[in-house]
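Heads up: the structure comes next, in structure tokens.
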There are 2 protein chains.
Amino acid sequence: MNNFYSISDMADMFNVSTRTIRYYEEIGLLKPERNQNGYRIYGKKEKIQLQLIFRGKKYGFSLDEIKDMILLFDEDPTGREQLKKTIEYGERKVQEVTQSIEELMSLKNEMEKFLGEFKKMLADLEENKV
Amino acid sequence: MNNFYSISDMADMFNVSTRTIRYYEEIGLLKPERNQNGYRIYGKKEKIQLQLIFRGKKYGFSLDEIKDMILLFDEDPTGREQLKKTIEYGERKVQEVTQSIEELMSLKNEMEKFLGEFKKMLADLEENKV
DNA sequence: ATTGAAGTTTACGTTAACGTAAATGTTAAA
DNA sequence: TTTAACATTTACGTTAACGTAAACTTCAAT
């Protein structure tokens, strides 16, 4: 039940280099514990954080933006004001994502329109071939 | 009806630098006509291509990938084989976009779940405040 | 005990996507 | 006609996100 990993475990898990993982620590995205000899120890928390990072990167967020989001969900917002700020920020982000979805859907529509025309062209060609 | 633009017209239009536009030409994304003195002339076609470029960038495509897509829709696929290839490629891209949409929607769900918890916490705090 | 794989830090190298500057030509307005 | 704003090419500079290598330590297996 208690799962800990080395740095190359994590690298394999996410299919990246150890350098990449160390780099993320270098810029403050991760802060894994160390054992007696200074070896990094990764647990469930770091695993989740890395998932967040790679998902974020996939959608064009810079590591700097991702850092903001991680820090946000990292420090538990105990104070009322902090909690409010967190909620506000979160709602803005949700709004951004919502818009991204809409734009992607319109992009998809355009592409399918294009495809439709091409398919029609192909069908015409096939017909005249006979 | 016939609309032509200078490079800084385009730069203003898309709110980027002229260097950016020249760079896109440098790597083969654009090939505007030139006038007598070598000045670049931009028309409707380039306008559309630039829209494609910036939309692509917005969703994390590299300029290299974008180049592929532009070249694809640039040369008209007159030959049957070329037409087929174009359709295949297009369908793959549509598939990619579809998956992106799905993942973004699940991301949105997660974020909203998070937000829900935070909001509940805040509500509790407000209550105990009384 | 030795060897090889994996860990550490430090530090320089690389690529994409431009920024910036120099040197020069063109155009529009005063 | 001169001046300011805009155009051109050439070329070096910059930043993010790692790659790569050196010099060293630690661990696991033979």
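In what follows, every chain begins at residue 1, and chains take the letters A, B, ... in the order their sequences are listed. Below, all heavy atoms of this structure are taken into account, side chains as well, without hydrogens, waters or symmetry copies.
- No donor-acceptor distance shorter than 3.5 angstrom exists from the side chain of Asn37(A) to the backbone of Tyr39(A), with no hydrogens or angles considered.
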Protein-nucleotides 21-24 of chain C N/O pairs closer than 3.5 Å?
none

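- Between the side chain of Ser6(B) and the main chain of Asp9(B), a donor-acceptor pair closer than 3.5 Å is present.
- Lys67(B) places a side-chain N or O within donor-acceptor distance of the main-chain N or O of Ile27(B), the cut-off being under 3.5 Å.
- The nucleotide range of DNA chain D contacted by chain B, defined by atoms under 4.0 angstrom from heavy atoms of the protein and reported 5' to 3', is dC6(D) to dA11(D).
- In this structure a side-chain-to-backbone donor-acceptor pair under 3.5 Å is present from Thr98(B) to Val94(B).
- No hydrogens or angles considered: nothing links the side chains of Asn109(A) and Ser106(A) as a donor-acceptor pair under 3.5 Å.
- Looking at Glu103(A) and Gln99(A), their side chains do bring a donor and an acceptor atom within 3.5 Å of each other.
- If you check every strand for non-hydrogen atoms under 4.0 Å, Leu63(A) touches sugar and phosphate atoms only.
- When the nearest nucleotides of DNA chain D are assigned to Ser8(B) and Glu26(A) by heavy-atom distance, the more 5′-ward of the two goes with Ser8(B).
- To the nearest angstrom, P of dA6(C) lies 19 Å from CD1 of Ile41(A).
- Toward the 5′ end of DNA chain C lies the nearest nucleotide of Asp9(A), the other residue of the pair Asp9(A) and Asn37(B) mapping further downstream.
- Nucleic acid contact for Arg40(B): sugar-phosphate only, since backbone atoms but no base atoms lie under 4.0 Å from a heavy atom of the residue.
- Taking every heavy atom of both residues into account, Arg34(A) and Glu25(A) meet most closely at NH2-OE2, 3.1 Å.
- Atom CG of Asn35(A) is separated from atom P of dA6(C) by 17 Å (rounded to the nearest Å).
- Within a 6.0 Å radius of CD in Glu33(A), other residues, nucleotides and ligands contribute 12 heavy atoms or fewer.
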